[in-house]
A.B. asks: 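Take a look at the following structure, please.
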Amino acid sequence: MTTRDAHLGVGVGVEGDAKDKNAAADALTDGGGGHEGAGSGGGRKLSLVPLIFLIFFEVAGGPYGAEPAVQAAGPLYALLGFLIFPFIWAIPEALVTAELSTAIPGNGGYVLWADRAFGALPGSLMGTWKYVSAAINGAAFPALCADYLARVAPAVSGGPARAATIVAFNVLLTAVNCAGLTVVGWSAVGLGVASLSPFLVMSGAALPKIRPRRWRVVARERDWKLFFNTLFWNLNYWDSVSTMAGEVDRPGKTLPKALVSAVSMTSLGYLLPLLAATGALDVAPDSWGNGFFADAAGMIAGNWLKYWIEVGAVLSSIGLYSATLSSAAFQLLGMADLGLLPGFFASRAPVFRTPWVSILATAAITLAMSFLSFNSIVAAANFLYSLGMLLEFAAFVWLRVKQPALARPYRVPARLPGAVLLCLVPSVFLVFVMAIAGWKVYAISAAFTAAGVAVYYLMRLCKARGCLRFSDGAGAGDQGSTAAVYQQGSSNGGDV
């Protein structure tokens, strides 16, 4: 059968093909990872250090944006949240990502996992939920950047100046992404060092002024919806790196190391500045709006540190947006290689070998969403992301059950009951986050889900009638071969 047939409903012999497919995938994972251009269309592959900082920016980018947790519940709950939440959410998500992205290392990440576990429609829905979530999430960063700039230049707070700032931010970083993932990765290293350094200085300056009693303060009126949405938004998207797994040098070894390093760096990056600022300042929780870290730095050390943090916030927003744009664009490329989207989404620029169509499409969508309110962006992104994560955890457990022989260069050190428990705790939290969403978020999410189903069947119709050209997994280098390996049997992964 052809690779086109797999997503058109043509049957495959699961037992025999699964062995061949796993063997081919393992060969690609072990042998292809070290060759330049194996997944990047001829470009250089990502090494450990830039990958750590790309993950860091896909998730956090520093403590910027954590202030509403203090505003919503007070210093005590904010500190407990950023201390405990990594253990019940960030670490499980990172472990699942490490196992699945090394076992199934092609571009597209979680789309490949869901497709292999449950079939083409769930894979396509996973792509819709995660892509829309990433686009909404990415749209928050130009707005956040404008909020920080407005504290130094009040003219940016609204009107044409704010709109121009958001547009310029979008256009500039789209151009950087088109220059190549290696450029984005090493830029993330510099941006990470620059955005975190003022917080190290602030923490040192705050030490003589810290009074531990201030850490016990709680807000009089606690906004739990804002509190949990803030925690969730600041500590999720660990699996975003999986969409670029085909671009990583030796993913079986590099991805787990990068994830462990990024989790540690991110957790400390939140806790240390929060401990310093809340312990050194006697300020009511109501004052902790977006951007308050800059004001706190000014109170602790002077305006020079305030302006330094303002600059760091802009640099952090650049890194956050750039990393998010990269992961979303490579997700589209992976879906196109898999045949779930038209082949033009996998088109690479002739010089830099970047998926320029996918980058431009994602940049246009995020720009359009950049003018929504920040809280609305966070709530909608969280809900759609939660839907995708529930499916991702299900795929992780299902593949453990149905494909135990699948080669896993990194394996979560737990048997099946432990793997289920690993996913159960964060899944309960996901359901909680979804339950506290408002009716508008439900309506928007239902609309996007319906649209995702419609797109899937529209793509099938276009394949059947030849309206658009779709990839069959051939002619795209090793990444295309990877896509073909999974495409040939993935739609039957959920057959029982």
Side-chain angles (χ1 to χ4, degrees), residues 24-60 90-113 177 180-193 237-267 319 322-324 326-327 329-331 333-334 337 353-355 392 396 406-413 477-479 481-483 485-486:
D26 299 340
L28 284 170
T29 305
D30 297 335
H35 300 291
E36 290 193 3
S40 55
R44 296 179 60 188
K45 306 200 81 177
L46 280 171
S47 57
L48 178 62
V49 173
L51 185 62
I52 291 172
F53 280 88
L54 269 177
I55 297 172
F56 172 68
F57 277 112
E58 285 168 349
V59 176
I91 292 176
E93 186 185 6
L95 289 173
V96 169
T97 299
E99 177 169 314
L100 291 179
S101 59
T102 56
I104 307 175
N107 289 330
Y110 32 70
V111 177
L112 294 175
W113 312 340
N177 271 260
L181 196 54
T182 301
V183 174
V184 173
W186 283 107
S187 297
V189 175
L191 291 169
V193 172
Y237 292 93
W238 294 100
D239 60 345
S240 294
V241 68
S242 68
T243 67
M244 301 180 287
E247 313 297 307
V248 175
D249 181 31
R250 303 174 68 190
K253 296 182 178 180
T254 305
L255 278 166
K257 291 179 181 178
L259 282 162
V260 169
S261 301
V263 168
S264 302
M265 183 169 66
T266 299
S267 299
S322 187
T324 301
S326 292
S327 64
F330 276 95
Q331 179 194 323
L333 181 149
D337 280 336
R353 308 304 300 160
T354 49
E392 183 174 313
F396 171 72
L406 174 67
R408 294 169 169 87
Y410 171 82
R411 184 183 179 91
V412 175
D478 289 341
Q479 173 56 33
S481 301
T482 304
V485 166
Y486 297 116

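Note that this is a predicted model, so its numbers are computed, not measured. Any value given below was found using the heavy atoms of this structure, including those in side chains, with hydrogens, waters and symmetry copies removed.
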A.B. asks: Looking at side-chain heavy atoms only, is the closest gap between Leu259 and Thr97 below 4.5 Å?
C.D. replies: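 Yes, close enough: below the 4.5 Å cut-off.
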
A.B. asks: For residues Lys253 and Pro409, determine if any side-chain heavy atom of one lies less than 4.5 Å from a side-chain heavy atom of the other.
C.D. replies: no

A.B. asks: Between Asn107 and Ala245, which heavy-atom pair has the shortest distance, and what is it?
C.D. replies: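 Answer, listing the atom of Asn107 first, then Ala245: OD1-N, 3.8 Å.
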
A.B. asks: Quick one, Pro355 and Phe330 - any side-chain contact, counting heavy atoms below 4.5 Å?
C.D. replies: yes

A.B. asks: Would you call Thr254 and Ser47 a side-chain contact if the rule is heavy atoms closer than 4.5 Å?
C.D. replies: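 Counting from C-beta outward, Thr254 and Ser47 never come under 4.5 Å.
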
A.B. asks: Considering non-hydrogen atoms only, spot the tightest contact between Val241 and Glu58 and give its length.
C.D. replies: N-OE1, 3.2 Å

A.B. asks: I need the Trp238 CH2 to Ile91 CD1 distance, nearest 0.5 Å.
C.D. replies: 9.0 Å

A.B. asks: Roughly how far, to the nearest 0.5 Å, is CD1 of Ile52 from CG of Leu46?
C.D. replies: 11.5 Å

A.B. asks: Taking all non-hydrogen atoms of both residues, which atom of Ala262 and which atom of Ile55 are closest, and how far apart?
C.D. replies: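 Smallest interatomic distance, heavy atoms only, reads CB-CG2, 3.5 Å.
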
A.B. asks: List the steps and the verdict of salt bridge (charged side-chain N to carboxylate O under 4.0 Å, His left out) for Glu99 and Arg408.
C.D. replies: CA-CA 6 Å; Glu99 177 169 314; Arg408 294 169 169 87; 3.0 Å; yes

A.B. asks: Going by atom types only, do Ser322 and Asn177 share a side-chain donor-acceptor pair under 3.5 Å?
C.D. replies: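 The criterion, which ignores hydrogens and geometry beyond distance, is satisfied for Asn177 and Ser322.
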
A.B. asks: Can you measure from CG (Leu54) to CG (Leu181) and round to the nearest 0.5 angstrom?
C.D. replies: 6.0 Å

A.B. asks: Kindly give the heavy-atom pair with the smallest separation between Ala258 and Leu51, and that separation in Å.
C.D. replies: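 Ala258 and Leu51 have their closest heavy atoms at CB-CD2, 3.7 Å.
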
A.B. asks: Measure from the side-chain N and O atoms of Thr243 to the backbone N and O of Ser240, and report whether any donor-acceptor pair falls under 3.5 Å.
C.D. replies: yes

A.B. asks: Just wondering, do Trp113 and Ser242 contact through their side chains at under 4.5 Å, heavy atoms?
C.D. replies: yes

A.B. asks: What heavy-atom pair brings Val184 and Ser326 nearest, and what distance separates the two atoms?
C.D. replies: CG1-OG, 3.7 Å

A.B. asks: Shortest non-hydrogen contact from Pro251 to Thr102?
C.D. replies: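 Looking at all heavy atoms of both residues, the shortest contact is O-CG2, 3.3 Å.
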
A.B. asks: Is the shortest heavy-atom distance from the side chain of Phe53 to the side chain of Met265 under 4.5 Å?
C.D. replies: yes

A.B. asks: Report yes if some heavy atom in the side chain of Leu255 is under 4.5 Å from a heavy atom in the side chain of Arg250; otherwise report no.
C.D. replies: no

A.B. asks: Considering only heavy atoms from C-beta outward, does the side chain of Val412 approach that of Phe396 to under 4.5 Å?
C.D. replies: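 Val412 reaches Phe396 side chain to side chain.
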
A.B. asks: Nearest 0.5 Å, what's the CE-CD distance between Met244 and Gln331?
C.D. replies: 11.5 Å

A.B. asks: Do you know which of Thr266, Val189, Val263, Leu191 makes side-chain contact (heavy atoms from CB on, under 4.5 Å) with Phe56?
C.D. replies: Thr266

A.B. asks: When you check the gap from the basic side-chain N to the acidic O, do Glu247 and Lys45 get nearer than 4.0 Å?
C.D. replies: no

A.B. asks: Mind checking the CZ-OG spacing from Phe57 to Ser327? Nearest 0.5 Å is all I need.
C.D. replies: 13.5 Å

